[in-house]
Amino acid sequence: MTGTLASQGYGFLSGPSWNLLADVQNMLSFAFMRNAFAAGTASAVVAGLIGYFVVLRASSFAAHAISHIGFAGAAGAVLLGVNPVLGVGVLSLAASVGMGVLGRRLRGRDVVIGLVMAASLGLGYLFISLYSGNATDAYAVLFGQIFGITTGAVQITVLTSVVVLALLAAFYRPLLFASLDEEVAEARGIRVGAVGLGFMMLLALAVTEAVQVSGVLLIFALLVAPGAIAGRIFRRPAAALALSAGLAVLITWVSLALAFYTPYPVSFYVTSLAFLAYLGVRAAPRGAGLWRRLAASPSRGRDTTADARPAATVRT
């Protein structure tokens, strides 16, 4: 991004410095960066909160499928001459309703979801091939175009985020109950099917929002990684939700800053940082357990049977 701006006459951009405050002021001096941070933050908060329930409900593959189905919607919108993001939203909502109708059987229908995802990608390619003009907008939906987002699009993104968060807060308790124990929740009178359908629709809206940040092919990282990390660190849902949203926002902010000062796209940094963060959390308990085992390892000349008990305790 720095190289692009320099080629347009912004010769004062030489890359990041050790003055973090000056670098932030430098980035935010551009209107497109302010728009990117505003839209990215709104999308990241929604993705982080929804993503926690995606992991909790074991619906990662369904989320992955909805994001891919959105490409067919974008391609169809380009063919009809409307906004590609609108196409992503319409087809993603339609797909989420179909998956939500499956209810609890959704977790056992991976084959059906995979076939629908593959068919939607083929349909998207058909729409692109039928379009005689420039399909750049449709392809941009694949990997995101946050640096090109307009002020009007930012306002729509923020408004959509507020609506999604309000709906999530409205049925947070039944959603959490149904996600933790579906059978007990249904026995307590909770309409598990309706809750699942509502959640899938919120997931479709979250995918539509985040399309402009990381694209439909890469939104899976922003939706799943923060929630998976938070679930491994905290058992209390409130703390896990807060951490998931915070991680999603942090990953988005760092990715935007890195993309501003380097020639690489935002989507690359979003997926890479999310992946590395998850690997770090997975490796941390193993490293701590290994350190404790090394510290408790028997020294030469000592009774090894007595020292075996602490090691067994650590392994459990």
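Counting from 1, the numbers follow the sequence of the chain as shown. Just so we're clear, the structure is a prediction, and the values are computed from it rather than from any experiment.
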Hydrophobic clustering (ILVMFWY, side-chain heavy atoms < 4.5 Å, transitive) - are Phe275 and Ile233 grouped together? no
If you group Ile, Leu, Val, Met, Phe, Trp and Tyr by side-chain heavy-atom gaps below 4.5 Å, do Val254 and Tyr261 land in one group? yes
Taking every heavy atom of Ala72 against every heavy atom of Phe127, the minimum-distance pair comes out as O-CD1, 3.5 Å
Are Leu28 and Trp253 connected into the same hydrophobic cluster when the rule is that any two of I, L, V, M, F, W, Y join if their side-chain heavy atoms are below 4.5 Å apart? yes
Closest heavy-atom pair, Leu91 versus Gly73, reported as atoms and distance to 0.1 Å, is CD2-N, 3.2 Å
Treating Ser92 as the side-chain partner and Gly89 as the backbone partner, does any N or O pair qualify as donor plus acceptor under 3.5 Å? no
Would you mind writing out the side-chain donor-acceptor pairs for residues 161-168 within the sub-3.5 Å range, not counting sequence neighbours?
{"from": "Ser161", "atom 1": "OG", "to": "Ala42", "atom 2": "O", "distance (Å)": "3.3"}
{"from": "Ser161", "atom 1": "OG", "to": "Thr157", "atom 2": "O", "distance (Å)": "2.9"}
{"from": "Ser161", "atom 1": "OG", "to": "Glu209", "atom 2": "OE1", "distance (Å)": "3.4"}
{"from": "Ser161", "atom 1": "OG", "to": "Glu209", "atom 2": "OE2", "distance (Å)": "2.2"}

field: Side chains of Leu258 and Tyr264 in contact at under 4.5 Å (non-hydrogen atoms)
entry: no
Correct closest heavy-atom pair for Leu273 and Ser255 would be CD1-OG, 3.5 Å
Legend entry - same_hphob_cluster(Leu159, Val88) at 4.5 Å side-chain heavy-atom cutoff: no
In short, Asn35 meets Thr150 closest at the heavy-atom pair ND2-C, 4.1 Å
Q | 4.5 Å side-chain heavy-atom contact, Leu223 and Leu203 | A | yes
Members sharing Ile156's hydrophobic cluster, built from side-chain contacts under 4.5 Å between Ile, Leu, Val, Met, Phe, Trp and Tyr, are none
Hits for side chain to side chain contact (heavy atoms under 4.5 Å, CB included) against Ser272, two or more places apart or cross-chain, chain-then-number order -> Phe268
Taken in chain and number order and not counting sequence neighbours, the residues that satisfy side chain to side chain contact (heavy atoms under 4.5 Å, CB included) with Leu180 are Leu56, Leu176
Leu130 meets the side chain to side chain contact (heavy atoms under 4.5 Å, CB included) criterion, sequence neighbours left out, with Leu79, Leu126
The side-chain hydrogen bond (donor to acceptor under 3.5 Å, both in side chains) partners of Thr160 (sequence neighbours excluded) come to none
Report task. Give the intermediate values and the outcome of side-chain contact (heavy atoms from CB on, under 4.5 Å) for residues Arg282 and Tyr278. Result -> CA-CA 6 Å; Arg282 287 291 299 265; Tyr278 181 71; 3.1 Å; yes
>> Given the ring of Phe199, does Arg57 sit roughly above its face, with NZ or CZ under 6.0 Å from the centre of the six-membered ring and within 45° of the axis?
In response: yes
Flag the pair Phe37 / Met33 as yes when at least one side-chain heavy-atom distance between them is below 4.5 Å, and no otherwise. yes
Residues Ala77 and Gly87: closest non-hydrogen pair is CB-CA, 3.8 Å
message: Hydrophobic clustering (ILVMFWY, side-chain heavy atoms < 4.5 Å, transitive) - are Val184 and Val195 grouped together?
response: yes
| Side chains of Tyr269 and Thr262: does their closest heavy-atom pair fall under 4.5 Å? | yes
Contacts of Val90 meeting side chain to side chain contact (heavy atoms under 4.5 Å, CB included) (sequence neighbours excluded), chain-then-number -> Leu86
*Just wondering, are more than 12 heavy atoms of other shown residues or ligands nearer than 6.0 Å to CZ in Arg34?*
yes
Could you tabulate the donor-acceptor pairs under 3.5 Å formed by side-chain atoms of residues 235-251, not counting sequence neighbours?
{"from": "Ser244", "atom 1": "OG", "to": "Gly48", "atom 2": "O", "distance (Å)": "2.6"}
{"from": "Ser244", "atom 1": "OG", "to": "Gly227", "atom 2": "N", "distance (Å)": "3.2"}

